[in-house]
Amino acid sequence: MERKKLIAIVLSACLVLSLVVWKGTGMLKAFLNRDNEQVPTLIESPEDDQNLRNTVLYYKDDKGFLVPVMRKIPWPEGKGIGKAAIRALVDNPANRSDMEDIGLAPVLPTNTGIIGMNISEGLCKVDFTADFLNYGSKEDELAIAKAIVYTLTEFPTVDNVQIMIEGKQPKQLTYGLNVSNPLARRNINYSGNGKNKGKVIVYYQGTVTGMDNYFVPVTKDIEETTAVATLQTLIAGPSEDSGLFSTIPSSLQVRNVDLVDGVAYVDFNEEIKEIKDASIAQDMVKSIALTLKEYYGSQNIVEKISVMADGKEINFGEVAKEEPAAIPTFANEY
């Protein structure tokens with residue numbers, strides 16, 4: 001009888017111990033799974049995409065041009081994406097490594113920190129540490145300010161950016177840039193003399209490595225702000241000393257641009273038919289599409305582009321006349 005009691009006690013103890021171990025294991029798994037969810041990575045997979053956000057960041061190339069690049073960056077719990085975007089612009093080994101393959105570089109000085117960020121009614125106030133001021137030229141100062149403004153105004157909730165340093169709002173930065181008032185998008189990669197009142201943004205191409213090309217927005221002066229004049233400004237090409245290039249022949253002429261139900265019908269002269277190389281045609285279409293997207297504004301009223309020659313739709317590279325090419329969402333994706 002005593003032996004049976006002893007066996008019953010031992011079995012009960014084993015059962016309790018099993019329950020504790022099982023529950024403890026479950027708690028451990030839950031803890032580990034929770035940690036994994038809170039530490040997003042840049043590895044693209046269905047499991048990780050929930051913690052990543054497509055974000056357009058502005059880096060610079062070796063010629064000083066600001067280049068928009070769409071990247072997937074960590075967005076834990078859907079918060080702090082603005083700070084995460086600015087941190088991705090800081091010059092440090094990790095950020096340099098991300099962009100060095102295509103020859104681009106982060107613009108903010110090493111060790112730049114963000115003390116705080118507040119967004120209210122379209123205004124984003126960013127308070128930087130004093131390391132923000134560790135740059136060496138007027139050109140760097142302008143590039144840094146524009147990279148910050150253009151990166152943050154990619155978010156629909158931000159229209160203007162106020163730069164602050166260590167809790168104070170300076171009137172100007174080291175080399176004279178006026179930051180007493182909020183900054184808005186204006187004249188990215190400006191190439192002009194200011195004589196004409198009109199300005200348009202066109203897209204040329206650049207390369208640092210000689211293998212990877214990227215599209216660069218350039219602000220140019222224009223006398224008449226129309227779709228046709230804008231595309232002719234694009235076709236005129238970049239300045240010879242810019243280091244940028246275009247695959248569009250400078251002799252090409254735009255006869256007309258019609259926008260119907262979201263499709264931009266771009267009518268060229270017969271010379272467009274002489275372009276047979278599919279790669280060149282693809283780059284041409286993307287330059288034209290990105291330029292028209294800027295021209296028509298952020299309302300996304302232009303969704304596709306159809307190439308025409310003397311009033312007739314044509315097959316052009318990979319663009320079939322039956323199915324116009326979609327306007328790219330991003331200029332560059334890496």
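The first residue of the sequence shown is numbered 1, and numbering continues consecutively from there.
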| message | I'd like to know if Glu270 pairs up with Lys273 as an ion pair, taking the criterion as any Lys NZ or Arg NE/NH1/NH2 lying under 4.0 Å from an Asp or Glu carboxylate oxygen. | response |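 Counted as a salt bridge, because a side-chain N and a carboxylate O are separated by less than 4.0 Å.
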Between atom [atom1] of [X] and atom [atom2] of [Y], what is the distance when rounded to the nearest 0.5 Å?
X	Y	atom1	atom2	result
Asp261	Glu303	CG	CD	9.0 Å
Arg255	Asp310	CZ	CG	4.5 Å
Ile119	Leu123	CD1	CG	9.0 Å

| message | What I'd like to find out is whether the side chain of Leu66 reaches to under 4.5 Å of the side chain of Val107, using heavy atoms alone. | response |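 Sidechains of Val107 and Leu66: in contact.
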| Can you check whether Pro249 reaches Glu271 side chain to side chain, under 4.5 Å on heavy atoms? |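 They are in side-chain contact.
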| salt bridge (charged side-chain N to carboxylate O under 4.0 Å, His left out) evaluation trace for Lys304 with Glu323 | CA-CA 9 Å; Lys304 296 182 178 181; Glu323 182 55 43; 2.8 Å; yes
| query | How are the rings of Phe128 and Phe132 set to each other: parallel, tilted or perpendicular (split at 30° and 60°)? | reply |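 Geometry flag for Phe132 against Phe128: parallel rings.
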| message | Can you confirm whether the side chains of Glu139 and Tyr175 place a donor and an acceptor under 3.5 Å from each other? | response |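 No, because no side-chain N or O of Glu139 sits under 3.5 Å from a partner of the opposite role on Tyr175.
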| message | If only side-chain N and O atoms count, and only distance matters, is there a donor-acceptor pair under 3.5 Å linking Tyr214 with Asp61? | response |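 Indeed, the side chains of Asp61 and Tyr214 share at least one donor-acceptor pair under 3.5 Å.
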| Ring-ring centroid check Tyr203 Phe215, cutoff 6.0 Å |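 Not under 6.0 Å, so no.
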| task | Quick one: closest heavy-atom pair of Ile280 and Thr247, and the distance? | result |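 Shortest heavy-atom contact: O-OG1, 3.7 Å.
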